[in-house]
Amino acid sequence: MTDEDDGRRAARVFDALGAAYEKAFAHSEAHRRSLEWLLGRLGPGSHVLDVGSGTGRPTAETLARAGHEVLGVDVSPVMVDLAARQVPQATFRCVDVRELPLEKSSLDAVCVYFSLLQMEREQQSALIGRLGRALRPGGSLALATVPLDVEGVDAVFMGQPVRVTSFAGEDLVDVVAGAGLTVLAEENVLFTPDHPEAVPEPHLFLRCGRE
């Protein structure tokens with residue numbers, strides 16, 4: 001499986017979901033708490049990268065309204081179009097983050113909310129390493145995932161076929177630490193998306209910093 005293949009698969013899933021994804025996850029209090037933590041660490045006009053920016057809400061919208069410079073990237077053209085219309089204060093690009101040039105120490109913060117799950121483990125680890133290097137000293141990484149020890153498992157997510165790969169929570173913490181980042185806090189919750197075909201799923205939110 002190539003990066004291009006799994007990128008196209010992810011694009012098809014989220015093109016199909018569109019605004020329904022935002023509605024399904026809008027009531028995630030853990031996501032809101034993660035953003036509040038991030039806002040508390042950012043100086044005025046910080047540069048933030050939102051990986052897998054979706055519809056732009058709540059992440060890019062919350063950060064842009066607080067006066068930060070936000071670049072959102074997503075493989076789904078439908079999502080990017082929605083985000084650009086809903087959050088005109090931010091910038092959005094339809095691009096796979098693995099193909100996005102990232103300069104060392106160029107970002108104040110990075111958000112990665114549930115955007116790793118359709119990448120292979122090697123790719124997830126490599127990307128977290130790249131994102132860590134792109135953070136300035138004192139920078140922040142807000143990361144969320146479904147912490148399951150699974151690799152290449154076919155599943156159905158909100159009615160869409162997906163192939164999921166993830167790490168158990170403790171293993172993801174090790175990946176983050178290996179990228180030179182410090183896990184400052186963890187939050188585990190059980191969340192049920194607001195969708196008739198959704199089931200409860202574990203969510204892990206990591207709050208990380210670069211020394």
Side-chain angles (χ1 to χ4, degrees), residues 1-18 21-22 25 38 46-57 59-61 63-64 68-136 139-146 150-154 157 160-167 172 175-176 178-181 206 208 210:
M1 181 65 62
T2 66
D3 298 352
E4 187 175 357
D5 289 336
D6 57 33
R8 281 198 298 261
R9 180 186 292 112
R12 285 195 298 270
V13 169
F14 289 97
D15 280 350
L17 290 174
Y21 181 86
E22 178 184 326
F25 285 81
L38 187 59
S46 291
H47 291 267
V48 185
L49 175 65
D50 182 12
V51 179
S53 46
T55 67
R57 298 194 301 213
T59 303
E61 181 180 65
L63 294 164
H68 301 299
E69 298 289 331
V70 182
L71 171 62
V73 297
D74 203 293
V75 295
S76 164
V78 170
M79 289 294 199
V80 170
D81 181 64
L82 278 169
R85 287 189 279 113
Q86 294 190 146
V87 191
Q89 311 98 316
T91 300
F92 298 94
R93 290 181 57 190
C94 187
V95 63
D96 190 318
V97 68
R98 291 168 292 187
E99 299 172 2
L100 183 72
L102 293 172
E103 294 184 14
K104 184 177 180 180
S105 302
S106 61
L107 297 169
D108 298 296
V110 177
C111 298
V112 189
Y113 291 114
F114 304 105
S115 48
L116 301 179
L117 292 164
Q118 294 190 65
M119 299 180 189
E120 296 177 358
R121 284 180 176 172
E122 183 179 337
Q123 285 292 324
Q124 293 186 33
S125 299
L127 178 58
I128 292 170
R130 287 185 67 224
L131 296 173
R133 291 188 292 276
L135 285 173
R136 296 189 176 105
S140 305
L141 172 72
L143 189 155
T145 192
V146 178
V150 295
E151 193 163 7
V153 173
D154 290 320
F157 173 68
Q160 298 298 316
V162 295
R163 181 166 296 166
V164 177
T165 294
S166 190
F167 291 94
L172 183 61
V175 170
V176 170
L181 301 168
L206 297 182
C208 314
R210 180 179 174 189

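Heads up: numbering here begins at 1 and tracks the sequence.
- For the atom pair SG of Cys94 and CG of Asp74, the computed distance is 7.0 Å after rounding to the nearest 0.5 Å.
- Between Leu102 and Arg133, every side-chain heavy-atom pair lies at or beyond the 4.5 Å cut-off.
- Here CG of Leu107 is found 8.5 Å from NE2 of His47. Values are rounded to the nearest 0.5 Å.
- Looking at heavy atoms from C-beta onward, Leu181 lies out of side-chain contact with Leu206 at the 4.5 angstrom threshold.
- Smallest separation of non-hydrogen atoms from Ala179 and Gly129: CB-CA, 3.8 Å.
- Legend: residues meeting side-chain hydrogen bond (donor to acceptor under 3.5 Å, both in side chains) with Ser105, ordered by chain and number and at least two apart, are Arg210.
- The CD atom of Gln123 sits 8.5 Å away from atom CG of Asp96, with the distance rounded to the nearest 0.5 Å.
- Atom CZ of Phe92 is separated from atom CG of Asp50 by 7.0 Å, given to the nearest 0.5 angstrom.
- Here Arg130 pairs with nothing under the side-chain hydrogen bond (donor to acceptor under 3.5 Å, both in side chains) rule; sequence neighbours left out.
- Panel note: side chain Gln124, backbone Val175; no donor-acceptor pair is recorded below 3.5 Å.
- Pairs passing the salt bridge (charged side-chain N to carboxylate O under 4.0 Å, His left out) check and including a residue from residues 76-91, sequence neighbours excluded, read Asp81-Arg85.
- Under the side-chain hydrogen bond (donor to acceptor under 3.5 Å, both in side chains) criterion, Thr59 pairs with His31, sequence neighbours left out.
- Using a distance-only test at 3.5 Å, with no hydrogens or angles considered, no donor-acceptor pair links the side chain of Glu22 to the main chain of Arg57.
- For Glu69, the salt bridge (charged side-chain N to carboxylate O under 4.0 Å, His left out) criterion is met by no residue, not counting sequence neighbours.
- Taking all atoms of both residues into account, the shortest heavy-atom contact from Cys111 to Leu63 is SG-CD1, 3.9 Å.
- Distance OG/Ser76 to CG/Leu82: 8.0 Å, rounded to 0.5 Å.
- Using a 4.5 Å cut-off on side-chain heavy atoms (C-beta onward), Val70 and Val87 make no contact.
- By the side-chain hydrogen bond (donor to acceptor under 3.5 Å, both in side chains) test, Arg136 is found to be paired with Asp108, residues two or more places apart in sequence or in another chain being considered.
- When Val51, Leu127, Val73 are each tested for a side chain to side chain contact (heavy atoms under 4.5 Å, CB included) with Leu100, only one passes: Val73.
- With values rounded to the nearest 0.5 angstrom, Tyr21 atom OH is found 6.5 Å from Phe114 atom CZ.
- Glu151 has its side chain within reach of Arg121: a pair of non-hydrogen atoms, C-beta onward, lies under 4.5 Å apart.
- The two atoms that bring Ala60 and Ala90 nearest to each other are CB-CB, 4.4 Å, heavy atoms only.
- Contact annotation: the side chain of Leu143 approaches that of Leu172 to within less than 4.5 Å [non-hydrogen atoms, C-beta and beyond].
- Using a 4.5 Å heavy-atom cutoff, the side chains of Gln118 and Val75 are not in contact.
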